[in-house]
Amino acid sequence: MNRTSYGAAIREAFVYLLDHHPEVFVIGQGLWAKWYVGNTMTDLDKLYGPERIMDSPVSEQACTGAAVGASLCGYRPIVVHPRMDFMLYAMDALVNQAAKWSHMLGGQAHPAVTVRAIINRGGEQGAQHSQALHAWFAHVPGLRVVMPATPRDARDLLISAVLCDDPVLYIDDRWLYEWEEDLPPIVESPLEREGPRILRSGGELTLVGVGYSTRLCLQAAQSLATKGIQVEVIDLRVLNPLDPFTIVASVKRTGRLLVVDGGWRTCGMAGEIIACVSENLPLGMLKQSPRRLTLPDAPAPTSAPLERAYYFGESEIIQAVRALLG
Amino acid sequence: MDSTLGDLANSSACNAPLAIGNSDPARLLAQLRTMLLIRRAEEVIGEGVAARQVICPAHLGIGQEAIAVAVSEHLRGSDRVFGGHRSHAHYLALGGDLYPLLAEVLGKEAGCSRGMGGSMHLYAADKGLLGTVPIVAGTVPLAVGAALAAKKDGRGDVAVAYFGDGASEEGVIHESLNLAAVWKLPILFVCENNLFSSHLHISLRQPTDRIARFADGHRIPAVTLDGNDVVAVSRAAEDMIAGARGGAGPGFLEAVTYRWRGHVGHREDEDVGVDRGADLHLWKARDPVRRLADALIAGKMLSSDAYSALQADVDAEVMEAWRRARAAPYPPESHLLDRVYAEAGR
Ligand SMILES: Cc1ncc(C[n+]2csc(CCOP(=O)(O)OP(=O)(O)O)c2C)c(N)n1
Ligand SMILES: [Mg+2]
């Protein structure tokens with residue numbers, strides 16, 4: 001066991017992949033600077049050299065497309081977008097190319113590319129430097145989407161993503177980088193076997209989080225437990241392909257569902273989960289209508305007082321849970 | 001790297017007082033004042049960053065003031081200007097009011113974007129500034145569209161797209177140049193080539209350092225010059241803007257310069273992990289403000305005392321605006337939702 005922060009866990013995954021898989025290399029902006037990617041890639045360029053850790057020009061589209069191309073030729077590139085917002089220039093490479101390649105060529109070619117996108121918000125960065133667009137990408141068949149919430153997943157899901165033969169979007173969140181956990185030794189595990197996971201058991205309500213919101217859910221569950229309220233916390237982990245059955249089974253037990261997501265509400269991940277549960281739950285099993293807690297349907301504001309109103313925290317989750325429990 | 005810029009990119013060259021020739025002294029003095037205003041405003045913003053009064057990312061263009069001042073001289077309120085993340089100078093040079101800029105940087109409701117944008121999102125439509133936002137190269141095609149609208153309007157207005165050397169690495173810049181050329185649009189592309197894109201020198205990003213080569217490829221007339229020479233930039237911008245107004249199509253102005261502060265924030269000594277020590281020191285001798293002031297003083301158009309008085313005057317103006325901005329209120333929470341669509345709240 002080894003106490004490791006989320007940020008350091010990501011770095012451990014890079015080290016493992018670069019040590020054990022010579023076909024892995026990394027392209028992205030800021031890989032030779034400490035500033036862009038926090039503590040998640042410190043000194044990798046010095047350890048593995050600039051040929052495998054390629055800091056790039058400001059060319060998201062070409063870098064992502066090039067990574068897809070190299071992945072069709074035996075490599076397992078990882079493209080790093082230090083901020084998800086910048087990745088929108090790379091939509092074609094991801095959505096039209098990588099996600100479609102296997103299907104439209106009859107299953108004969110598989111772009112084993114991983115795109116790492118970082119959610120980086122707060123600090124008055126404003127509308128173009130704050131977005132959490134995971135739901136968009138989860139909408140695209142052919143593109144696997146994972147969002148680690150815990151340090152262990154930050155490490156292990158990155159390894160699984162890179163070793164997967166499909167294109168994978170791996171989304172980490174800077175608000176999680178300081179979270180520490182004891183990590184077991186690394187065991188490679190196929191991504192296809194990963195899915196939502198129960199992080200805390202409880203019988204009164206099912207609380208589903210994704211990425212950073214999972215952390216908030218855990219904190220809220222802990223506080224509620226001190227008041228004698230036991231909620232179950234499920235971390236979504238794999239957004240696409242989505243396996244709802246862990247969540248459905250939980251709601252069958254609890255009869256109440258609250259989904260918490262740091263993305264927008266309309267057409268978001270929370271709505272998708274509520275839909276899946278609604279479709280799969282026998283009639284009459286719900287004690288309350290399911291609820292979602294999301295960002296308001298507005299771009300991120302800038303000034304600190306508005307940011308405080310825009311982003312929810314533990315107390316908003318607790319309030320929503322209490323409202324559902326009546 | 002194979003440098004085509006030569007002395008223009010050489011920190012030890014181009015540091016003499018400006019050759020002001022027979023330029024109009026009143027105009028030179030006005031340029032000097034605007035440059036001083038921009039410099040002082042950005043210094044104060046930098047102090048605000050250091051004191052954690054400014055929270056939003058602030059990209060200072062100290063050292064690059066001459067370019068916006070020279071270009072803006074030839075623009076009018078009906079022109080359409082777009083910028084990026086480092087655009088305080090673009091705003092102020094167009095005549096944007098100081099107080100709303102400082103209020104914006106502090107996230108206050110009196111800001112030029114009503115406190116919803118911060119330093120990276122500026123707006124002053126009455127001066128022709130239609131937006132400066134931080135997705136690299138994102139506003140360049142918008143400027144092309146504004147030029148298209150200007151051409152349709154037929155009133156001789158032009159668009160200006162400010163962008164950096166790093167932005168030229170985005171594909172959309174090349175599409176934009178082609179559109180402007182093939183549709184013969186009234187637009188001036190202004191590339192502020194400060195040789196860096198955050199932590200990376202241009203030699204680590206491109207095979208050579210002259211960005212105007214991309215204009216050559218699209219048959220857009222281009223000039224590359226010392227961006228710290230306000231007189232030279234002004235002359236070139238005048239010609240190209242007049243050409244665009246007259247229907248000659250796009251122009252490309254590459255102004256070579258250097259930023260004194262880090263990529264973001266107030267510090268000089270640490271540029272997102274890069275120490276530029278010696279080079280920065282040399283570039284300070286290429287100071288666009290001092291080279292103009294020295295030329296004016298040498299030409300007896302300005303006394304040392306008058307220069308000191310001018311600096312004091314600018315400082316008082318900036319500090320007064322800063323004090324007001326600091327005391328101003330934040331936007332109300334209701335603005336979270338009622339600014340998303342044109343019809344509030346719907
Ligand atoms: C699409 C996109 N990619 C990356 C960034 C991060 N970024 C912000 S400014 C910048 C450097 C741009 O360099 P340049 O265009 O030369 O402008 P300068 O900062 O030198 O003024 C980068 C990479 C961004 N804001 N948008
Ligand atoms: Mg630059």
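Residue numbering restarts at 1 for every chain, and letters A, B, ... go by the order of the sequence lines.
With a threshold of 4.5 angstrom between heavy atoms, B:Met116 approaches chain A through its backbone and through its side chain. For chain A, the nearby part of B:Val172 is the side chain; its heavy atoms alone come within less than 4.5 Å.
Rounding to the nearest 0.5 Å gives a distance of 4.5 Å between OH of A:Tyr36 and NE2 of B:His263. Remark: B:Arg205 CZ to A:Ser56 OG distance equals 10.0 Å, nearest 0.5 Å. For the atom pair B:Glu169 CD and A:Gln61 CD, the distance stands at 14.0 Å (nearest 0.5 Å). Annotation: the span from A:Thr302 atom OG1 to B:Lys108 atom NZ amounts to 14.0 Å, rounded to 0.5 Å. In this structure, CG in A:Asp55 is found 4.5 Å from CG in B:Leu200, a value given to the nearest 0.5 Å. The distance from the OG atom of B:Ser197 to the CD atom of A:Gln29 is 6.5 Å, given to the nearest 0.5 Å.
Under a cut-off of 6.0 angstrom, the local environment of CZ in B:Arg114 is sparse, with at most 12 non-hydrogen atoms contributed by other residues, nucleotides or ligands. The number of heavy-atom neighbours closer than 6.0 Å to NE2 of A:His139, taken from other residues, nucleotides and ligands shown, is 12 or below. In the displayed structure, A:Arg52 atom CZ is contacted under 6.0 Å by more than 12 heavy atoms of other residues, nucleotides or ligands. Atom OH of A:Tyr48 is surrounded by more than 12 heavy atoms from other residues, nucleotides or ligands within 6.0 Å. The number of heavy-atom neighbours closer than 6.0 Å to CH2 of A:Trp101, taken from other residues, nucleotides and ligands shown, is 12 or below. Within a 6.0 Å radius of CD in B:Glu47, other residues, nucleotides and ligands contribute more than 12 heavy atoms.
Against chain B, the residues from residues 304-319 of chain A that qualify, each with a non-hydrogen atom under 4.5 angstrom away, are A:Pro305, A:Leu306, A:Ala309, A:Tyr310 in number order.
In terms of heavy-atom pairs under 4.5 Å with chain A, the best-connected choice from B:Pro134, B:Pro332, B:Gly115 is B:Pro134. If you tally non-hydrogen atom pairs under 4.5 Å between each of B:Ala167, B:Ser113, B:Gly117, B:Gly111 and chain A, the highest count goes to B:Gly117. No other option in A:Ala62, A:Ser59, A:Ala300, A:Ala127 has as many heavy-atom pairs under 4.5 Å with chain B as A:Ser59.
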Stepwise side chain to side chain contact (heavy atoms under 4.5 Å, CB included) test for A:Tyr89 and B:Ile135: CA-CA 10 Å; A:Tyr89 276 135; B:Ile135 292 297; 3.8 Å; yes
Stepwise side chain to side chain contact (heavy atoms under 4.5 Å, CB included) test for A:Gln128 and B:Met120: CA-CA 9 Å; A:Gln128 296 184 334; B:Met120 302 196 294; over 6 Å; no
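A heavy-atom distance below 4.5 Å is not found between the side chains of A:His129 and B:Pro57.
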